[in-house]
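Remarks on the structure that follows.
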There are 2 protein chains.
Amino acid sequence: MIAGWEDVRAEVLRRIRARLWAPGALIPGEEALAAEFGVARATVNRALRDLAEAGLLERRRKAGTRVALLPVRRATLEIPVIRQEVEARGQSHSFRLLAMRMAVPPLPVAGQLGWAPDAEKLYLETLHLADGKPYAHETRWLDPAHLPDPRPDFAAVSVNEWLVTHVAFATGDIAFAAEAADARSAEVLGVAQGAALFVTERTTFTTETAITFVRLIHAPGYRMVTMV
Amino acid sequence: MIAGWEDVRAEVLRRIRARLWAPGALIPGEEALAAEFGVARATVNRALRDLAEAGLLERRRKAGTRVALLPVRRATLEIPVIRQEVEARGQSHSFRLLAMRMAVPPLPVAGQLGWAPDAEKLYLETLHLADGKPYAHETRWLDPAHLPDPRPDFAAVSVNEWLVTHVAFATGDIAFAAEAADARSAEVLGVAQGAALFVTERTTFTTETAITFVRLIHAPGYRMVTMV
DNA sequence: GACGTTATTATGTCTATACATAATGATCCG
DNA sequence: CGGATCATTATGTATAGACATAATAACGTC
């Protein structure tokens, strides 16, 4: 018995998996499915829209709905605040502010963020600890124009967290890569130079100009996991 | 003038960003907002639901809707078939099947996949090339029970792609990590042993038992990028 | 005051109907 | 035949009204 939109989604998914509807094939229209399942068209629409968002169906007005030929898997990554990430592992989070000074960012950084190439910005370096052991090494460039006067006490509240709760809800992009540990990160994280480290880079914008650029260099063994 | 649900979402987002509604604060109910904006409640619902999915709002029945205190950023990663990924960079994709044999998988692999610890499975090793240069080194364990008889010609169609189009639409999990190149990957990718490489691990299930487990070891310089 | 029960309430969803929009395919014309 | 125009059609979205569900708050009992 098909009642709600989740039932509809399940049934459509079943038919796709069972290859009753082959990849690339056109499936019946919403009206037809609504009639068959005995629900309203809006309910079918909700279900199909959901599957389309997941990348399993491709929908185009007038053209109809077809099963994706080469389904692009879409995984949603949750990117929590570091403190939450550490605490979720049952460890206690702490951090040490290693450096905080005004400096001119390297040209590639200034360029990517749309900053004037010779303007001084705030440079922050933080070491995050899980149960007292190095967890991640954070280096950050921050436009002080977005900070209140007087500045927040970044030795008490991590920059990370202050930003999230105060200039949150901005757009940006994230990149992940593997890099060999440079001298500084190796020293701070207590690993051999050249060790393979997982690096997260985030750029955050509000409107036109960037607020901040962070590199998060994770300690060895870090894995980012997600379900599909 | 607010007309559609996207307008409602934009206005709500504006108020959150402008801190008219502070983090943690309860926002007006759907009915109230619908009246204020001059739209139906269903329209407000659609907008708020979308923002909740994005992690900016937290909604609970009866309790109402509140602005997320520590918004968990949700990034959606698109995980395309390797061929598409390479071609999207304007390069040509090819691959070489380096190995294909029946073997007993290592215990940790068998364990994670719910396979009997001593059962033979199909082991496949593939090198993916972009414009003829090493792009990624793929090692895969595959349960041959899910293959048709006779087996597909994996020298002609990449395993990756055959699976996506034939046993697609399954669930699974994905993990990302940085690892030092072992002897085999170093040789195949043409890099120094110990080099920092980006590794993707995917486990794919249909029902209870796993179909396949892949490790994709990317050539140096690989970056995974996404927008928020 | 502690505890189980009930009323209340905000969100979740469904329905039926209507109109909007985009893309296709047919048609008409030069 | 090429190209512009228009009718058609499937999805996209809006609406009002209704009921479902979950969780809180209020209440009554002991």
Side-chain angles (χ1 to χ4, degrees), chain A residues 1-16 20-69 71-72 74 76, chain B residues 1-16 20-69 71-72 74 76:
Chain A
M1 176 60 194
I2 289 176
W5 69 271
E6 292 188 282
D7 290 340
V8 174
R9 183 183 57 184
E11 173 58 17
V12 170
L13 190 56
R14 192 190 65 77
R15 294 188 186 183
I16 294 173
L20 297 176
W21 295 333
L26 206 63
I27 75 169
E30 296 186 348
E31 206 113 30
L33 290 175
E36 185 197 336
F37 296 146
V39 299
R41 185 169 79 87
T43 307
V44 173
N45 181 282
R46 181 99 151 79
L48 297 187
R49 191 154 35 81
D50 196 72
L51 287 170
E53 269 165 29
L56 276 91
L57 291 177
E58 282 166 8
R59 323 194 69 199
R60 278 187 14 245
R61 276 170 161 142
K62 162 74 180 172
T65 302
R66 49 184 69 240
V67 181
L69 209 49
V72 181
R74 275 191 202 105
T76 52
Chain B
M1 175 61 196
I2 289 176
W5 69 272
E6 293 188 280
D7 289 341
V8 174
R9 182 183 58 184
E11 173 58 17
V12 171
L13 188 57
R14 190 189 68 76
R15 293 186 186 183
I16 295 174
L20 296 175
W21 293 335
L26 206 62
I27 75 171
E30 296 186 347
E31 206 113 31
L33 290 175
E36 185 197 335
F37 296 146
V39 298
R41 186 170 79 89
T43 307
V44 173
N45 181 281
R46 181 97 147 81
L48 296 187
R49 191 154 34 83
D50 196 72
L51 287 169
E53 270 165 28
L56 276 89
L57 292 176
E58 282 166 8
R59 323 194 69 201
R60 281 198 0 255
R61 275 171 163 145
K62 163 75 180 172
T65 302
R66 49 184 71 239
V67 181
L69 211 48
V72 183
R74 277 192 198 105
T76 51

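Letters go in sequence order (proteins before strands), and every chain restarts at 1. As a basis for the values below, the full set of heavy atoms in this structure was taken, side chains included, without hydrogen atoms, waters or symmetry mates. On a predicted model such as this, the values are computed, not experimentally measured, just so you know.
The local environment of CD in Glu31(B) is sparse, with at most 12 non-hydrogen atoms from other residues, nucleotides or ligands closer than 6.0 Å.
Straight-line distance from the CG atom of Asp7(A) to the C1' atom of dC14(C): 12 Å, rounded to whole Å. A straight line from CG of Asp50(A) to C1' of dG12(C) spans 15 Å, rounded to a whole angstrom. One atom, CD of Glu53(B), and another, P of dG12(C), lie 10 Å apart when rounded to the nearest Å.
Annotation: side chain of Thr65(B) is not in contact with side chain of Leu26(B) (no heavy-atom distance under 4.5 Å). Using a 4.5 Å heavy-atom cutoff, the side chains of Val39(B) and Val8(B) are in contact.
Judged as a side-chain contact (heavy atoms from CB on, under 4.5 Å), and not counting sequence neighbours, the contacts of Arg74(B) are Glu78(A). For Leu20(B), the side-chain contact (heavy atoms from CB on, under 4.5 Å) partners are Arg14(B), Arg15(B), Ala18(B), not counting sequence neighbours. Evaluation of the side-chain contact (heavy atoms from CB on, under 4.5 Å) rule for Ala52(A) yields Leu57(A), Arg59(A) as partners, not counting sequence neighbours.
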> If the sugar-phosphate is the primed atoms plus P, OP1 and OP2 and the base is the rest, what is the B/S/- string for nucleotides 7-14 of chain D, using protein heavy atoms under 4.0 Å?
Replying inline: -BBBBBBS
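A donor-acceptor pair under 3.5 Å links the side-chain atoms of Arg66(B) to the main chain of Gly24(B), judged by distance alone.
Inter-axis angle, ends of the helix from dG1(C)-dC30(D) to dG30(C)-dC1(D), five pairs per end, rounded to 10 degrees: 0°.
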Going by atom type alone, with no hydrogens or angles, which donor-acceptor pairs under 3.5 Å involve a side-chain atom of residues 44-51 of chain B and a protein atom two or more places apart or on another chain?
unit_1   : atom_1 : unit_2   : atom_2 : d
Asn45(B) : OD1    : Arg49(B) : NE     : 3.3
Asn45(B) : ND2    : Glu30(B) : OE2    : 2.8
Asp50(B) : OD2    : Arg9(B)  : NH1    : 2.6

